[in-house]
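These figures come from a predicted structure and were not determined experimentally.
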Amino acid sequence: MKEYLTKDIRNVVLLGSTKSGKTTLAETMLYEGKVIDRRGAVEDKNTVSDYNELEKLNQRSIYATPLYAEFMDKKINFIDTPGSDDFIGGAYTAFRVCESGILVVNAQQGVEVGTENLVRRAEKIKFPLVIAVNQLDAEKADWENVMASMKEAFGSKIINVQIPVNPGPGYNCFVDLLMNKCYRFKDTNGTREEIDMPADMADVIEEARQELIEKAAEFDEGLMEKFFEVGELDEDDIRKGLNLGIVNGEVYPVFCVSAKNDVGVKRLLEFTKNVAPAPQVDENGPAALFIYKNDIEAHLGEVSYFKVMSGNINAGVDLEDAKTGNKERISALYAVAGVKKESVNVLHAGDFGCLVKLKNGKSGITLSQPGSGIAYDKIEFPAPKYRCAIKAKVQQDEQKLGDALKKIASTDPTFIVDYNKELRQTILNGNGEQHINIVKWLLNNEYKLDVELFAPKVPYRETITKVATAQYRHKKQSGGAGQFGEVHLLVCPAEGELNTKFKIDGKETVLNVKTQEQTEMDWGGKLEFYNCVVGGAIDLSFMPAILKGIKEKMVEGPLTGSYARDIRVFVYDGKMHPVDSKEIAFIIAGRNAFKEAFRNAGPKILEPIYNVEVITPAEYQGAVMSDIQNRRGMLGDMGADKGFAVLKARIPLAELYRYSTSLSSLTQGSATFTMEYADYQPVPGDVQNKLLAEYAAQETDED
């Protein structure tokens, strides 16, 4: 492979919904770029992009795969990303390292929810996009419908650069409005010929070309003036105007392709070469690379995929992680096209490559020239929306399971493993049930572990709603020195202004606060502790022991063993013994007095509530709303966004297990959602009674 300077490199991400044909398009781009001399097919399980065994089994992209094409003296790096929401992390990775994208839209379906989500992300970060309407050769291809759906979704940003002549079975001809030519393809290998413009489409072509010229002129005053004076722009003018609009995210040029039959793919590459922005990097700075992905591959071990962010990377150079000081020797460099890796001596700023067997080559790490101090921010991924618990079916495999999960998580930043001390469970967090099922497949087949996935416990909280008092005497005599401690305390909710006037033992009493301490609990909420003891009934030195006992009981709440929160405790009386009073005695007395008072203070179980936003085709809105209500959800704002219904709701976490799967079933896979923790709220009475009964039964079983 020849060396490519920054100006001759283009980095493009292939985006689109599942079944839009991204992998087929990638295969044809590889073919046109002379990387392969024969195209594979997804159904034949022999594409360069979907080379992983899992992808072959599922016949779909699961991982983001870096590829390249050498085309007309340019190197076009492109990343084929998964279309499923469950594997959205691949798109977020590519957004970070690419300068533009090709959005693939299925001519049979138009704009789908997954497509809309990707464009929403692109618009947020002002990411340049070109649209390729694919599968125009399909029996159900509908050009008018797909254009209508794109205009509804993307508005005036849509502009045709091409229009198809004969969409449907046999599709092989389009009009290129930019070049003002009509092309017909003579075979399925990209061989094209120029033919006369179709006479029956003259008016359509003229109108579409005028729209293209006017759109291009919008982004440059000089072009606008020329258009007004001459009434025409040439190909270079149009390309210049579109380039400005694309870079600013203000226009999405539309191309017509059949990736399967290699219709229009070469023209798409030509446009990418001419109009897509070059990498925005420092060509002359210190050597630095950013690792955006790492994997474990058979026969190679750990593979780290990177983008050169600054300077040049040469084989044999020493780099360091500026944040840790870890050193890495770059022994060999590779250009990457899926499973194919070609050794190279140097890669210039903006280019993609990979390294093998780095000591610390994890995703998100920057390696740079020693002493340069260069470090780039890690990629931010969307929050997980599917969680489940996992355990090995054989207890002795727990350590192996932990090691395997750690390795899997190291190659997939969107997969998060957490051992939850509170729940005493290992929790898997991912983007959906398919995502987690992939992890299970890896555990079963690559790590030979038999595991069980099940609903995780819910991190409930316990609190109180009214005032209560209790007292507890701990007295123990066992021959030698004894233990004695007596604590009288009052509890009330930690809310509003501090009130020290209470009715205790039937008498109105004003407590005189001597000392106070507030603790922000690690799990949320707080504990306010007030020492109101008078007359030396309990020595001040024993107050920390009483507080310790209370905190111990808040770790394992009196109702269900969940964390307790938002409680005020007033210790107002007690007794001690000059010989037998010890710290342990007051820990026990404080813990048990608190437990009794808590149970008499209108105790309530709190549950985590999540803000959920669902985007669904309008036809499924009613079914989605009913399902939310069945999950004890409270519907909030409802609206519409570019043809889709947008529903906002507050739903208890306890009701969100496998929600992504249910939503997909309700909407035939056409809806998506996000979820974000909101707050804790009391559970309904019937739910609390059920939880109390379950906890009582659990304690009985353990006894």
Side-chain angles (χ1 to χ4, degrees), residues 18 54 58 60 62 82-89 113-114 117 381-393 401 405 408-409 412 414-420 422-444 450-460 607-617 620-635 647-678 683-684 687 690-691 694:
T18 301
L54 264 170
N58 288 272
R60 63 191 299 191
I62 293 172
S84 170
D85 226 21
D86 281 43
F87 309 108
I88 192 69
V113 170
N117 289 339
F381 294 98
K385 53 191 178 186
Y386 186 92
R387 62 194 293 270
C388 69
I390 188 172
K391 67 179 181 181
K393 288 188 177 180
L401 174 59
L405 290 172
I408 295 170
D412 182 359
T414 64
F415 170 62
I416 301 171
V417 184
D418 169 43
Y419 179 76
N420 191 298
E422 174 188 359
L423 306 179
R424 299 183 183 89
Q425 291 180 322
T426 298
I427 307 297
L428 308 185
N429 299 273
N431 294 317
E433 190 165 7
Q434 295 178 49
H435 189 190
I436 297 302
N437 284 340
I438 291 299
V439 173
K440 185 175 185 292
W441 187 93
L442 291 170
L443 292 170
N444 293 159
D450 201 6
V451 299
E452 180 182 355
L453 302 179
F454 51 97
K457 297 175 183 176
V458 175
Y460 292 107
E607 63 180 343
I609 305 296
Y610 276 69
N611 289 328
V612 177
E613 181 178 283
V614 182
I615 301 176
T616 177
Y620 300 113
Q621 181 174 348
V624 173
M625 290 171 63
S626 295
D627 183 63
I628 288 173
Q629 292 168 335
N630 290 337
R631 294 174 183 274
R632 297 194 284 119
M634 296 291 293
L635 283 163
L647 309 176
K648 295 183 179 180
R650 287 167 53 85
I651 306 177
L653 178 62
E655 306 294 339
L656 284 171
Y657 178 58
R658 300 188 79 238
Y659 180 61
S660 62
T661 307
S662 298
L663 182 65
S664 179
S665 177
L666 276 175
T667 64
Q668 298 185 34
S670 62
T672 187
F673 77 103
T674 58
M675 55 184 282
E676 183 179 36
Y677 166 74
V683 302
V687 176
K690 179 183 177 183
L691 292 171
E694 289 175 351

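Contact annotation: the side chain of Q434 approaches that of F87 to within less than 4.5 Å [non-hydrogen atoms, C-beta and beyond]. Between K690 and P684 the shortest side-chain heavy-atom distance does not fall below 4.5 Å. Here the side chains of M675 and L653 are in contact, with some heavy-atom distance below 4.5 Å. Annotation: side chain of L443 is in contact with side chain of I390 (closest heavy-atom distance under 4.5 Å). Residues L663 and D627 fail the side-chain proximity criterion, which asks for heavy atoms closer than 4.5 Å. The shortest side-chain heavy-atom distance between V612 and I628 does not fall under the 4.5 Å cut-off. At a threshold of 4.5 Å between non-hydrogen side-chain atoms, the residues L635 and Q629 count as touching. Considering only heavy atoms from C-beta on, I88 stays 4.5 Å or farther from T414 through its side chain.
Taken to the nearest 0.5 Å, the OH atom of Y419 stands 8.5 Å off from the CD atom of Q425. Going from atom CG of D418 over to atom CD1 of I416 covers 9.0 Å, rounded to the nearest 0.5 Å. Note that CG of D85 and OG1 of T672 are 3.5 Å apart. Values are rounded to the nearest 0.5 Å. Rounding to the nearest 0.5 angstrom, the gap separating the SG atom in C388 from the CD1 atom in I436 is 5.0 Å. If you take CZ on F381 and CZ on F415, they are separated by 14.5 Å, rounding to the nearest 0.5 Å. Distance check, rounded to the nearest 0.5 Å: CG of D412 to NE2 of H435 gives 4.0 Å.
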Inset, instruction - Kindly determine whether V451 and K440 satisfy side chain to side chain contact (heavy atoms under 4.5 Å, CB included), including the steps that lead there. - result: CA-CA 8 Å; V451 299; K440 185 175 185 292; 4.1 Å; yes

Inset, instruction - Please report the C-alpha distance between I651 and I609 in whole Å, then the side-chain angles of each, then the deciding distance to 0.1 Å, and finally whether the side chain to side chain contact (heavy atoms under 4.5 Å, CB included) criterion is met. - result: CA-CA 6 Å; I651 306 177; I609 305 296; over 6 Å; no

Inset, instruction - Decide side chain to side chain contact (heavy atoms under 4.5 Å, CB included) for E613 and L647; before the verdict, give the C-alpha distance in whole Å, the side-chain angles of both, and the deciding distance to 0.1 Å. - result: CA-CA 6 Å; E613 181 178 283; L647 309 176; over 6 Å; no

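Both tests hold for K385 against F673: distance to the six-membered ring centre under 6.0 Å, angle to the ring axis within 45°.
When the side-chain hydrogen bond (donor to acceptor under 3.5 Å, both in side chains) test is applied to E655, the partners found at least two apart in sequence or on another chain are R632. Residues satisfying the side-chain hydrogen bond (donor to acceptor under 3.5 Å, both in side chains) criterion with R387, sequence neighbours excluded, are absent altogether. Partners of S626 by side-chain hydrogen bond (donor to acceptor under 3.5 Å, both in side chains), not counting sequence neighbours: none found.
Of all non-hydrogen atoms in P608 and P459, the two that sit nearest each other are CD-O, 3.8 Å. Of all heavy-atom pairs between L666 and A623, the closest is CD1-O, 4.0 Å.
The backbone N or O of P384 lies less than 3.5 Å from no partner atom in the side chain of N429, so there is not a single donor-acceptor pair. Judged by distance alone, the side chain of T616 and the main-chain N or O of Y620 form no donor-acceptor pair under 3.5 Å.
No more than 12 heavy atoms of other residues, nucleotides or ligands shown are found within 6.0 angstrom of NZ on K391.
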